[in-house]
There are 2 protein chains.
Amino acid sequence: MTATASKHDVFQAVADPTRRQLLKLLSDQEMPVTVLSSHFPMSRTAVSKHLRILSEAGLVKERKVGRETRYRLDPGPLQELKDWYSYFERFWENKMAALQHFVESDGSERFPAPLTLVEKEKEQD
Amino acid sequence: MTATASKHDVFQAVADPTRRQLLKLLSDQEMPVTVLSSHFPMSRTAVSKHLRILSEAGLVKERKVGRETRYRLDPGPLQELKDWYSYFERFWENKMAALQHFVESDGSERFPAPLTLVEKEKEQD
DNA sequence: ATTATACGAAACCTTTTGGTTTCATGTCAA
DNA sequence: TTGACATGAAACCAAAAGGTTTCGTATAAT
């Protein structure tokens with residue numbers, strides 16, 4: 001459901017610093033390509049391609065106004081990022097406990113197949 | 001401070017689906033490379049390289065135990081992800097309001113330099 | 001009508017990425 | 001001590017990413 005993934009997923013879209021900055025710029029208000037590209041050291045065409053990737057990830061919407069194309073932010077798909085992150089929040093909380101466990105236990109005889117480890121494990125961490 | 005960015009930043013590390021899955025696998029407990037790689041259709045060496053990238057982003061820690069190297073999750077750097085997207089949460093909330101504004105105003109005479117737009121803007125969105 | 005602006009598409013190039021196979025080394029088991 | 005296991009490093013490769021320049025087309029301004 002929600003079918004966010006078309007060609008570019010949010011994680012990949014957001015991986016590039018230029019695209020992250022584009023999103024920030026657009027969070028204020030909609031802007032045409034030329035204005036956006038004036039904030040970057042690269043060509044307008046390059047920025048345009050970044051915008052396309054953001055668009056494919058659903059993070060921006062476009063509308064034509066006269067001869068310009070204005071882009072605006074759609075933060076919706078960022079929810080996926082949030083959801084993913086939230087899975088790890090519990091480990092963030094348990095970080096100390098986990099470390100504790102990690103030091104105390106020998107961690108062996110828990111792995112599936114190719115492990116024969118029933119050794120003493122000279123700890124060296 | 002905190003100097004999270006070494007060579008690979010978190011955004012890039014997390015952009016790859018294989019690496020995201022690795023993090024999930026490691027959230028349970030520490031695991032050696034061979035065990036981890038058994039969950040993927042690629043070679044052990046490939047997984048090993050993914051682990052290196054995660055390590056450079058600070059997302060996993062390693063320790064040698066006998067002849068194996070065990071990796072475990074360090075969710076710490078994920079905070080950066082959270083900080084980033086939380087910036088957009090207010091826009092997420094205000095989405096309707098923003099849209100409203102977007103429809104009502106003509107959006108012109110706000111852009112810096114190269115805009116002469118003082119036209120009526122035949123809305124077509 | 002003519003010129004300038006805004007933009008995307010196309011072709012092209014270089015670097016990075018994600019993978020593979022092979023090899024060397026260290027550690028464990030018999 | 002001999003052989004199997006675990007792993008990283010190296011060399012290599014194809015495809016994707018991130019850019020650039022050039023071009024065509026639509027819209028606006030004069």
Side-chain angles (χ1 to χ4, degrees), chain A residues 7-9 11-22 30-38 40-57 60 62-71 106-109 111-124, chain B residues 7-9 11-22 30-38 40-57 60 62-71 107-108 111-124:
Chain A
K7 186 192 175 188
H8 282 282
D9 65 292
F11 288 95
Q12 196 184 334
V14 145
D16 184 274
T18 298
R19 290 196 287 268
R20 287 199 298 277
Q21 200 184 337
L22 278 170
E30 60 171 4
M31 288 185 212
V33 182
T34 306
V35 173
L36 285 168
S37 72
S38 72
F40 299 90
M42 67 192 71
S43 71
R44 173 188 55 78
T45 312
V47 172
S48 197
K49 291 211 279 186
H50 280 301
L51 285 167
R52 179 113 97 95
I53 290 170
L54 288 173
S55 177
E56 282 169 349
V60 301
E62 352 173 356
R63 65 162 182 159
K64 296 284 288 294
V65 175
R67 61 183 159 184
E68 58 185 26
T69 307
R70 299 203 186 162
Y71 290 84
D106 69 348
S108 30
E109 76 242 325
F111 299 124
L115 278 294
T116 325
L117 1 132
V118 195
E119 72 289 347
K120 280 294 167 294
E121 298 187 355
K122 308 86 187 172
E123 314 262 344
Q124 56 176 98
Chain B
K7 188 189 173 189
H8 282 282
D9 65 291
F11 288 96
Q12 198 185 333
V14 145
D16 185 274
T18 300
R19 290 196 286 270
R20 288 200 297 276
Q21 200 183 336
L22 278 170
E30 60 171 4
M31 288 184 209
V33 182
T34 306
V35 174
L36 285 168
S37 72
S38 73
F40 299 90
M42 67 193 71
S43 72
R44 174 190 54 78
T45 313
V47 172
S48 196
K49 291 211 280 185
H50 280 301
L51 285 167
R52 180 111 98 94
I53 290 170
L54 289 172
S55 177
E56 283 170 350
V60 301
E62 349 171 0
R63 67 163 181 160
K64 296 285 287 294
V65 175
R67 61 183 160 185
E68 58 186 26
T69 306
R70 299 204 185 161
Y71 290 84
S108 30
F111 299 125
L115 279 292
T116 324
L117 3 131
V118 195
E119 74 286 346
K120 280 296 170 293
E121 298 187 358
K122 308 88 188 172
E123 315 262 345
Q124 56 178 98

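Please read these numbers as outputs of a predicted model, since none were measured by experiment. By convention in this document, chain letters (A, B, ...) are assigned in the order of the sequence lines, proteins followed by strands, and residues within each chain are numbered from 1. What you see below is based on every heavy atom in this structure, not just the backbone, and it leaves out hydrogens, waters and symmetry mates.
Formation of a donor-acceptor pair under 3.5 Å by the B/R20 side chain with backbone atoms of B/V14 is found in this model. Between the side chain of B/R63 and the backbone N or O of B/R70, no donor-acceptor pair lies under 3.5 Å. With hydrogens and angles ignored, the 3.5 Å screen pairs no side-chain donor or acceptor of B/R44 with any backbone N or O of B/S37.
Distance, A/R70 CZ to C/dG8 P: 14 Å, rounded to whole Å. Summarising the geometry, the separation between CD1 on B/I53 and P on C/dT16 is reported as 13 Å, rounded to the nearest angstrom. Atom-to-atom, CD of A/E68 to C1' of D/dT25 comes out at 17 Å; the value is rounded to the nearest Å. Distance A/M42 CE to C/dC13 P: 21 Å, rounded to the nearest Å. Note: CZ (B/F40) to C1' (C/dT20) measures 17 Å, nearest angstrom. Spacing between atom CD of A/E62 and atom P of C/dC7 amounts to 11 Å, rounded to whole angstrom units. Spacing between atom CZ of B/R44 and atom C1' of C/dG19 amounts to 14 Å, rounded to whole angstrom units. Distance, A/R63 CZ to C/dA6 P: 16 Å, rounded to whole Å.
Taking side-chain N and O atoms only, A/Q12 has no distance below 4.0 Å to OP1 or OP2 of D/dA16. The shortest distance between the side-chain N/O atoms of B/S43 and the OP1/OP2 oxygens of C/dT20 is below 4.0 Å. The phosphate of D/dA6 has neither OP1 nor OP2 within less than 4.0 Å of any side-chain N or O from B/Y71. At D/dG8, one or more side-chain N or O atoms of B/S48 fall inside 4.0 Å of OP1 or OP2 (strictly under the cut-off). An OP1 or OP2 oxygen of D/dG8 is reached within less than 4.0 angstrom by a side-chain nitrogen or oxygen of B/T69. Proximity of B/H50 to the phosphate of C/dG19: a side-chain N or O atom is located under 4.0 Å from OP1 or OP2. Applying the 4.0 Å criterion to OP1 and OP2 of C/dA9, one finds that A/R52 has a side-chain N or O inside that range.
With D/dG18, D/dT27, D/dA4 as the candidates, the nucleotide lying closest to the side chain of A/R19 is D/dG18. Out of D/dT7, C/dG26, C/dG19, the shortest distance to the side chain of B/T18 is found at C/dG19.
The base of C/dG8 does not come close enough to the side chain of A/K49 for any donor and acceptor atom to sit less than 3.5 Å apart.
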> Yes or no on side chain to side chain contact (heavy atoms under 4.5 Å, CB included) for A/F40 and A/Q21, after CA distance, side-chain angles and deciding distance?
Replying inline: CA-CA 9 Å; A/F40 299 90; A/Q21 200 184 337; 3.4 Å; yes
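Atoms CE and CD, on A/M31 and A/E68 in that order, are 12.0 Å from each other to the nearest 0.5 Å.
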